[in-house]
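Shown next, in structure tokens, is the structure this report addresses.
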Amino acid sequence: MNLKLVGKIVKSMALSEVNNDRGELRILENLDELRTDLADYIAELSEAAVKERGVFAIALSGGSLIDLMGKLCGAPYNKTIDWAKWYIFWADERVVAKNHSDSNYKLAKDGLLSKVPIVPSHVHSINDSVSAEEAADEYMFVIRQLVKTRMVSVSDISDCPKFDLILLGMGPDGHIASLFPNHSALDETDEWVTFIIDSPKPPPERITFTLPVINSASNVAMVVTGERKAEAVHLAIDNIGPDCPSLPARLVQPTKGKLVWFLDKPAASKLDGLQFSDGKFGIHFVRREKTNKSWESQCKRFSVV
Ligand SMILES: O=C(O)[C@H](O)[C@@H](O)[C@H](O)[C@H](O)COP(=O)(O)O
């Protein structure tokens, strides 16, 4: 067993680790720290995209994510972010009326979009007055038009849209967006957006980005909190060998983009060999894992205590 790294959680700083092809791991001491780190991360990506392309195309999900993005509505972000350049999409949406309490649009509108100066015509939600299938087709058409005008970039290795950032939550079963374990929607590679009418998580009818679109993004953030998701986090991130189940969250592997996991300590608690302990300088993090890389080279990227 090799000691892989020793890190330190400093106030207002995420503990970061690059975990092979499973992306960057940021384990935050508590939800407040996670909210701050997530807001900083989104603000930085927004600034970089606006500088490079003049716009920021961001896709949201439902669930606890919007609440965890809440710091964006306050200082300094409400003033420093160039909100007029944001183009908003949904990685998945429940096929219900926009004013329904299950609507991801309503969740985002109430929790974020109505509190910052977003341009209303930049908000691309689904048509809520048609079937799931039609809503998926129409949504794909809208995205196609925006790809043509490069409001949304295009992947240089496929014809997929390349969102600047796709934000995903994860369920305890490892689902992401509305891509559930063992569901045929996971195999959809021809369409950018697909629909399901049998979601195991209510409501049953949903539209969702497909895996090729998610994996074409420039940045994908997985935002996962709480102990009940710890097992799925372990299965999605750790090296669990050839028997690895095809957990949707494990299939998030941006081809050229960057994947970052935002976890609180309970969600990270079943990661291989992870230990937290109180020390002179704060909370320490130790992770033991099978690795070929030397302890020294791993530690160069971290504040070693
Ligand atoms: O609309 C949805 O249901 C979602 O987009 C879904 O993928 C969600 O992100 C996860 O289920 C996590 O939800 P929680 O963070 O609330 O557990």
When hydrophobic residues are tied together by side-chain contacts of less than 4.5 Å, even through go-betweens, does [X] share a cluster with [Y]?
X	Y	value
L146	V154	yes
M140	I207	yes
L72	V55	yes
F141	V123	no
I196	I214	no

Counting distance only, does the side-chain N/O of [X] pair as donor-acceptor with the main-chain N or O of [Y] below 3.5 Å?
X	Y	value
E52	A49	no
E188	D190	yes
W83	N78	yes
R35	G70	no
R94	D102	yes
S103	N99	no
H122	I88	no
E93	Y105	yes
R150	V147	yes

Which distance, rounded to the nearest 0.5 Å, do you find between the [atom1] of [X] and the [atom2] of [Y]?
X	Y	atom1	atom2	result
F262	L25	CZ	CG	11.0 Å
S218	I166	OG	CD1	9.0 Å
L38	M69	CG	CE	6.5 Å
L179	L251	CG	CG	9.0 Å
S184	D198	OG	CG	7.0 Å
L60	L112	CG	CG	7.0 Å

For [X] and [Y], which heavy atoms make the closest approach, and how far apart are they?
X	Y	result
A91	A177	O-CB, 4.0 Å
D164	A57	OD2-N, 2.7 Å
F209	W90	CE2-O, 3.4 Å
M170	A232	CE-CB, 3.4 Å
S61	L167	OG-O, 2.6 Å
A230	P266	CB-O, 3.5 Å

*Should I176 and M222 be marked as a side-chain contact (heavy atoms from CB on, under 4.5 Å) after you check the CA-CA gap, both sets of side-chain angles, and the distance that decides it?*
CA-CA 9 Å; I176 44 118; M222 299 279 315; 3.5 Å; yes
Quick one: are [X] and [Y] in side-chain contact, heavy atoms under 4.5 Å?
X	Y	value
F195	E205	no
T208	R206	no
H183	H175	no
N182	F180	no
T225	L34	yes
D110	I66	no
S158	S216	yes
L31	L68	yes

Side chains of [Y] and [X]: any donor to acceptor distance under 3.5 Å?
X	Y	value
T36	E33	no
D128	H100	no
Y77	D40	yes
W86	S46	yes
S178	D92	yes

_Against the six-membered ring of W192, is R144 placed for a cation-pi contact (under 6.0 Å from the centre, within 45° of the normal)?_
yes
Would you mind checking if [Y] and [X] are paired as a salt bridge, meaning a charged N to carboxylate O distance below 4.0 Å?
X	Y	answer
K229	E231	no
D32	K71	yes
E29	K265	no
D238	R22	no
D156	K162	no

*Counting heavy atoms not belonging to K109, are there more than 12 under 6.0 Å from its NZ?*
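At most 12 heavy atoms, drawn from other residues, nucleotides or ligands, come within 6.0 Å of this atom.
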_Please determine whether the number of non-hydrogen atoms from other residues, nucleotides or ligands lying under 6.0 Å from atom CD of E138 exceeds 12._
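More than 12 within 6.0 Å, yes.
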*Yes or no on side-chain contact (heavy atoms from CB on, under 4.5 Å) for V252 and N215, after CA distance, side-chain angles and deciding distance?*
CA-CA 6 Å; V252 177; N215 286 331; 4.1 Å; yes
*Take F163 and F89 through the ring pair (Phe, Tyr, Trp, His ring centres under 6.0 Å) test and state the conclusion after the steps.*
CA-CA 9 Å; F163 288 91; F89 302 83; 5.1 Å; yes
*Take F56 and E47, measure what side-chain contact (heavy atoms from CB on, under 4.5 Å) needs, and give me the verdict at the end.*
CA-CA 8 Å; F56 182 51; E47 191 180 338; over 6 Å; no
*Starting from the C-alpha separation in whole Å, work towards a yes-or-no answer on side-chain contact (heavy atoms from CB on, under 4.5 Å) for D37 and R26.*
CA-CA 9 Å; D37 200 47; R26 298 190 184 188; 3.0 Å; yes
*Check the pair T194 / E191 against side-chain hydrogen bond (donor to acceptor under 3.5 Å, both in side chains), numbers first and verdict last.*
CA-CA 6 Å; T194 192; E191 309 286 2; over 6 Å; no
